[in-house]
Amino acid sequence: MSIVTRRRLLKSLAGIGVGSAAFQRAMAVQVDDAGKVTREMIAQAEWIAGIELDDEQRSEVAAAMESNLAAARRLREFAVDVDEVPAVVFRPDFFYRQAKSSDEYPGAPSVRRPGINVAWSVQDSPKTMPDEDLAFAGLEQQASLLATKQLSSRELTQLYLNRLTKFDPLLHCVVTMLEEHALQQAAAADERRVQGRSLGVLDGIPWVAKDLVALPPWKTTWGAEPFKEQVRTSTATVAEKMRDAGAVLMAKVTLGAMAWGDQWFGGLTRNPWNPEQGSSGSSAGSASAVAAGLATFALGSETLGSIVSPTTRCRTSGLRPTFGRVSRAGCMPLAWSMDKIGPIARYVNDLAFIFSHLIGSDGRDPTLVERRFQWPLSKKLDDLKIGVTGGRLSRGETTALEYLKSVGATIIDVELNCSVPEGPLSFILGVEAATVFDDAFRHDPHADYGLWPSTFRESQFITAIQYLRANRLRTRLIVETEEKLSQVDVLLGGNDLLLTNLTGHPSLVIACGSDELADGTKVPGIVKLSAAAYREELLLKVGQALQQANPPTPSRPPLDALLQKQVDQL
């Protein structure tokens with residue numbers, strides 16, 4: 001700090017009545033130390049945030065603020081033209097329509113499905129299948145058995161209910177069992193089929209819901225101790241869509257506390273391939289249950305890796321859709337500008353059928369965008385352009401790349417680095433999450449909020465200017481990423497998790513081929529694909545081709561042996 005600047009500061013302080021020499025010296029020291037956040041400075045600023053911290057929490061927040069200031073300084077290195085708007089769009093028209101009836105406002109959105117063309121046909125299936133083979137069968141095969149009346153929904157549902165009960169002590173993936181409700185739904189599906197009124201491919205198929213999907217009158221716990229008795233008042237849109245398609249809900253499954261990690265108020269959800277390891281999160285129970293053959297499919301959610309990470313860990317398949325394709329209404333919000341809901345299943349083909357029933361406007365989520373969806377997609381593999389970033393590929397991704405080359409796909413190098421780094425923008429999630437849970441955290445700051453408390457505290461000191469500046473630069477990031485991803489049909493591999501969650505682009509995780517863990521355990525391989533906005537069809541097309549050419553091997557974890565090992569250790 002220059003002498004001239006210091007004099008100006010002291011003169012200004014004296015001019016507004018703050019004239020004591022002691023105060024002036026203290027303030028000058030603070031200015032000299034600008035950029036270095038101390039515990040004492042946090043204590044002095046607590047009245048602005050309206051919170052009270054202890055010394056340990058002040059030290060924690062001070063350290064976090066040092067990092068936040070560094071990010072803010074980095075963001076200020078980028079000039080922002082006045083024409084660059086933030087990636088937070090005000091949509092008053094949506095709320096105008098909510099306040100009026102359809103007669104008063106003809107433009108009011110209706111609950112409808114967009115242009116969707118999805119075809120499935122009954123497959124030839126063996127008339128008898130061992131229970132374990134049936135538990136790990138694909139959705140389309142199960143639907144075919146139901147359609148030909150070789151299997152009833154009640155039988156399939158009871159099989160999965162038995163497996164949930166048997167293996168949950170090993171995996172800790174269930175929050176609430178809904179056995180009576182599931183069997184009633186299954187009976188209704190069987191009756192519809194007898195009467196020739198089947199609702200389609202999902203009718204009678206058992207599924208589980210991540211426990212941030214609201215389903216009154218049952219609890220929706222968000223995986224966190226303060227909310228473990230909570231019952232929400234309205235049903236989530238995605239749950240309504242599954243119900244309307246005839247899918248049979250069997251259980252609410254775990255998520256890391258308030259959608260972070262795999263540790264919830266009931267313990268740690270486990271990876272079916274290695275129960276000594278957590279299943280990753282936050283869609284911990286969804287990925288674990290599907291990989292273990294405890295349900296045909298599950299719904300999960302992602303804000304920053306919560307579908308991609310647990311499906312990768314549990315060696316199963318999952319689709320994180322483009323932001324705005326699936327309603328979040330009735331699901332726990334974490335970051336309004338980043339939350340996505342998506343399906344988790346063992347097979348890519350299953351994901352396509354489930355996704356086709358999830359998309360479409362609901363009059364509740366203002367971010368929804370209507371786009372057509374067609375499945376199966378007729379595009380040929382040799383017409384595809386596959387992008388690679390030059391980064392490290394997994395064993396499964398290397399095998400996938402060789403296969404795509406062999407069928408004639410064009411391989412193109414794509415450089416995903418943008419003019420704005422995504423790292424300094426990551427605090428956007430924390431600020432939005434802190435806002436979502438502000439009332440609860442202030443009411444009971446000592447409750448068990450899992451991994452979130454430090455983020456909630458430090459976010460109180462982020463300014464609105466910093467948040468909005470970050471979102472203005474995020475706009476640039478979105479445009480540049482869309483331009484780069486549009487050069488190809490899909491991008492293979494790549495370290496783009498934070499980037500594509502900030503920009504809202506879709507990703508697909510596929511279980512295919514084989515891999516080997518450090519201890520020599522054989523597990524399915526994993527491939528990750530990303531794409532430009534609204535290209536879920538292409539992701540699924542490529543993913544299905546890779547999975548069919550190189551099926552996941554082994555196809556299922558050795559749960560009985562693992563459960564026996566756990567019993568022997570007791």
Exercise for the section: Could you walk me through whether Asp568 and Gln564 pass the side-chain contact (heavy atoms from CB on, under 4.5 Å) test, one step at a time? Expected result: CA-CA 6 Å; Asp568 293 343; Gln564 186 60 50; 2.9 Å; yes
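- Between the side chains of Lys210 and Ser283, a donor-acceptor pair is found at a separation under 3.5 Å.
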Exercise for the section: Please test Asp560 against Glu132 for side-chain contact (heavy atoms from CB on, under 4.5 Å), starting from the C-alpha separation and ending with a verdict. Expected result: CA-CA 11 Å; Asp560 284 309; Glu132 180 145 321; 4.1 Å; yes
Exercise for the section: Mind running side-chain contact (heavy atoms from CB on, under 4.5 Å) on Glu536 and Trp375 for me, showing each step along the way? Expected result: CA-CA 10 Å; Glu536 286 84 359; Trp375 189 257; over 6 Å; no
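- Taken from OG in Ser288 to CG in Asp262, the straight-line distance is 9.5 Å, to the nearest 0.5 Å.
- Looking at residues two or more places apart in sequence or on another chain, you find no side chain to side chain donor-acceptor pair (under 3.5 Å) involving Trp120.
- Salt bridge present: Asp496 and Lys528 bring a charged side-chain N and a carboxylate O closer than 4.0 Å.
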Practice task
Please assess Arg556 against Asp133 for the test salt bridge (Lys or Arg N to Asp or Glu O under 4.0 Å), listing each intermediate value before the final yes or no.
Solution key: CA-CA 10 Å; Arg556 62 196 71 166; Asp133 289 351; 2.9 Å; yes
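- Between the side chain of Asn501 and the backbone N or O of Leu497, at least one donor-acceptor pair lies under 3.5 Å.
- By the side chain to side chain donor-acceptor pair (under 3.5 Å) test, Thr220 pairs with Lys252, sequence neighbours left out.
- Residues Thr157 and Met250 form a side-chain contact, since some pair of their non-hydrogen atoms from C-beta on lies under 4.5 Å apart.
- Classified by interplanar angle (parallel below 30°, tilted 30° to 60°, perpendicular above 60°), the ring pair Trp207/Phe297 is parallel.
- In this structure Ser153 satisfies the side chain to side chain donor-acceptor pair (under 3.5 Å) test with no other residue, sequence neighbours excluded.
- In this pair, Trp260 and Trp452 present their aromatic rings perpendicular. The plane angle is above 60°, beyond the 30 to 60° band.
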Practice task
List the steps and the verdict of side-chain contact (heavy atoms from CB on, under 4.5 Å) for Leu202 and Lys241.
Solution key: CA-CA 11 Å; Leu202 295 188; Lys241 286 177 178 286; over 6 Å; no
Exercise for the section: Check the pair Phe437, Tyr449 against ring-ring contact (aromatic ring centres under 6.0 Å, His included), reporting the backbone distance first and the verdict last. Expected result: CA-CA 10 Å; Phe437 294 105; Tyr449 297 103; 7.6 Å; no
Practice task
Assess whether side chain to side chain donor-acceptor pair (under 3.5 Å) is satisfied between Ser280 and Ser309, documenting all intermediate values.
Solution key: CA-CA 6 Å; Ser280 189; Ser309 182; 2.5 Å; yes
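- A heavy-atom distance below 4.5 Å is found between the side chains of Val308 and Glu302.
- The pair Asp211-Lys228 does not meet the salt-bridge criterion, since no charged nitrogen lies less than 4.0 angstrom from a carboxylate oxygen.
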